[in-house]
Amino acid sequence: MAKVITPRSEDYSRWYTDVVLQAGLADYSPVRGCMVIRPLGMAVWENMQKGLDRRFKETGHENAYFPLFIPESYLRKEKEHVEGFAPECAVVTHGGGEKLEEPLVVRPTSETIIYSMYAKWIQSYRDLPILINQWANVVRWEMRTRLFLRTMEFLWQEGHTAHATEAEAEEEAIKMMNVYHAFASEEMAVPCLRGVKTDAEKFAGAVRTYCIEALMQDNKALQAGTSHNLGQNFARAFEVRYQTEAGGLEYVWNTSWGASTRLIGALVMAHSDDQGLVLPPRLAPTQVVVVPIFKESERETVVRAMDDIVRSLSPEIRVKGDARDGVRPGFKFNEWEMKGVPLRLEVGPRDLAAGQVTAARRVSAPGAAPAKTTLPIAGLRESVPALLEEIQRSLYDQAADRLRRNIRPVDTYDEFKQILDEIGGFLQAHWCGRAACEARIKDETKATIRCIPLDPAPEPGRCLLCGEASTRRAYFARAY
RNA sequence: CGGGACGUAGCGCAGCCUGGUAGCGCACCUGCUUCGGGAGCAGGGGGCCGGAGGUUCAAAUCCUCUCGUCCCGACCA
């Protein structure tokens, strides 16, 4: 990548787009606002799917699939839901050359169609809980779009559960927020804040929305996953009732939770640099690339050594050998760095003579110079996995350190505005709990309440804006 | 829909002010030499200069209209 754009510069947005396009994660589509996910981006998404799906299964969920088209009337059944989503819906009015009797909405989210089915499936308390997830695409007619972060169509998973009790639904909603949090930390190496949304920021139709919030390298926040306690709102709208053990008839309690291909955007903005994409080893489609270095006369020996190394690491490690002709090693180095491969092994005659390879990490340990090291060929099966783990850990540590340094308690509105403008990051400030104060702060500073921590250490204070009594701090930030 | 910018080769751009044979870099094709951090040389292919009208002997260039894209705002996983 020829560009030298620092992540904190004013060209951050341009830098992000360059990284995505040049690494080959995605491309613009002929339809404005839509995105083509290229094989590299899809492979990252598939790895994310594996990690999330494993966690969903471990917590007792099953996958199912519901239709893309939703009768328009379904969306109207829940008042807040339709008000929240109607403006961004794509609607099909014609099919088979005829005008449809009832327009079909292309799902912006699937609560309505799924809960209409749950109404058929649930009769008794013995049918509960229902714990279902679906992997799908959804469409939201966005005004302004950005690759991965906001596109008109995106891929995601949405979990939809039904429970017999309010407490069980609440527990589920919090559990799934924690699943997202663990996934982001352990696999994406992206540390996140956890908490609950304010009423103004919550999902249309939810009682409470829990979320995880990540911090990007330009110090703007990004919502990375949400989990909603829907109460009985949709159960009432779709008549989802069950007979209790005692014989009574009750509405079920629902949750829904989702995470999308936006996570790929989060991954890029959290780790990548001016060399291009940086992928954490656990999600990298290619974890190790082996680049042979040779003069023509040495070709056969060196390529054979490369093949041996690739074979010895497979299939536990996702490893590729790059024996392409006509491309010089320096070019390959830069290309694989641009594509985010976490670890590169260089094999040349000098290395072979010494029984070793030269190892170059895509990102060095914090503070360390980006120096190359050598590894004995005989021990690669042990040293490479260990090195990948170390890389994964150090990526997380760097991001966690950056997050920690960019959470600041703030007590006056002037200081709040100053830090927002000059530094950004998360600001912990007291808030009285009134929507009017929240709205005015958003209006005047573009900062929103990203979340309120679940277990705040009680701390009396005064609202940032109005000065009324407050018992805890909320996290504010400018966000994507 | 408000405010700003821009449409010239696949991509990125210069040329426009001051009208006169369509250019550069990257990419692509051929050949040789190269190969431990984005190779060098030589040769080559590729354009309705977004579209329409006008002015002119002559328009990428000047004028009018139009279409489209991008950025900033309102909406948002």
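These values consider heavy atoms only, across backbone and side chains, with no hydrogens, waters or symmetry-generated copies.
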The criterion is ring-ring contact (aromatic ring centres under 6.0 Å, His included); which residues satisfy it with A/His181, sequence neighbours excluded? none
Residues 317-327 of chain A vs side chain to side chain donor-acceptor pair (under 3.5 Å), sequence neighbours excluded, gives A/Arg299-A/Asp325, A/Asp322-A/Arg324, A/Asp322-A/Trp336, A/Arg324-A/Glu335
Which residues pass the side-chain hydrogen bond (donor to acceptor under 3.5 Å, both in side chains) test with A/Ser312, not counting sequence neighbours? none
Can you tell me if A/Ser394 and A/Arg361 form a side-chain donor-acceptor pair at under 3.5 Å? yes
With the criterion being N/O to N/O and under 3.5 Å, what pairs connect the protein with nucleotides 3-10 of chain B, and how long is each?
none

Residues passing the side chain to side chain contact (heavy atoms under 4.5 Å, CB included) test with A/Glu80, sequence neighbours excluded, are A/Glu78, A/Lys202
Classify the nucleic acid contact of A/Glu158 as base, sugar-phosphate or nothing, counting any heavy atom under 4.0 Å across all strands shown. nothing
All side chain to side chain contact (heavy atoms under 4.5 Å, CB included) counterparts of A/Thr445, not counting sequence neighbours: A/Tyr413, A/Phe416, A/Lys417, A/Leu420, A/Ile441, A/Ala447
Go nucleotide by nucleotide along RNA chain B from the 5' end; which of A/Gly330 and A/Arg140 gets its closest nucleotide reached first? A/Gly330
Sticking with atom C1', work out how far B/C11 lies from B/G51, rounded to a whole angstrom. 23 Å
Listed in order of residue number, which residues of residues 344-353 of chain A have a non-hydrogen atom at under 4.0 Å from RNA chain B? A/Arg344, A/Glu346, A/Gly348, A/Pro349, A/Arg350, A/Asp351
For A/Phe183, enumerate each residue passing the ring-ring contact (aromatic ring centres under 6.0 Å, His included) test, keeping only those at least two apart in sequence or located in another chain. none
Any protein N or O atoms within reach of nucleotides 26-35 of chain B? Criterion: under 3.5 Å, listing atom names and distances.
from, atom 1, to, atom 2, distance (Å)
B/C35, O2', A/Phe294, O, 3.1
B/C35, N4, A/Glu296, OE1, 3.3

Tell me which residues in residues 178-193 of chain A put a heavy atom below 4.0 Å from RNA chain B, sorted by number, or none. none
Enumerate the residue pairs fulfilling salt bridge (Lys or Arg N to Asp or Glu O under 4.0 Å) with a member in residues 55-73 of chain A, sequence neighbours excluded, ordered by first and then second residue. A/Asp53-A/Lys57, A/Arg54-A/Glu58, A/Arg55-A/Glu186, A/Arg55-A/Glu187, A/Glu72-A/Arg76
Qualifying residues under side chain to side chain contact (heavy atoms under 4.5 Å, CB included), relative to A/Ala259, sequence neighbours excluded: A/Gln157, A/Tyr180, A/Leu263
Which is true for A/Thr358 with a 4.0 Å heavy-atom rule: it touches a base, it touches only sugar-phosphate, or it touches nothing? base
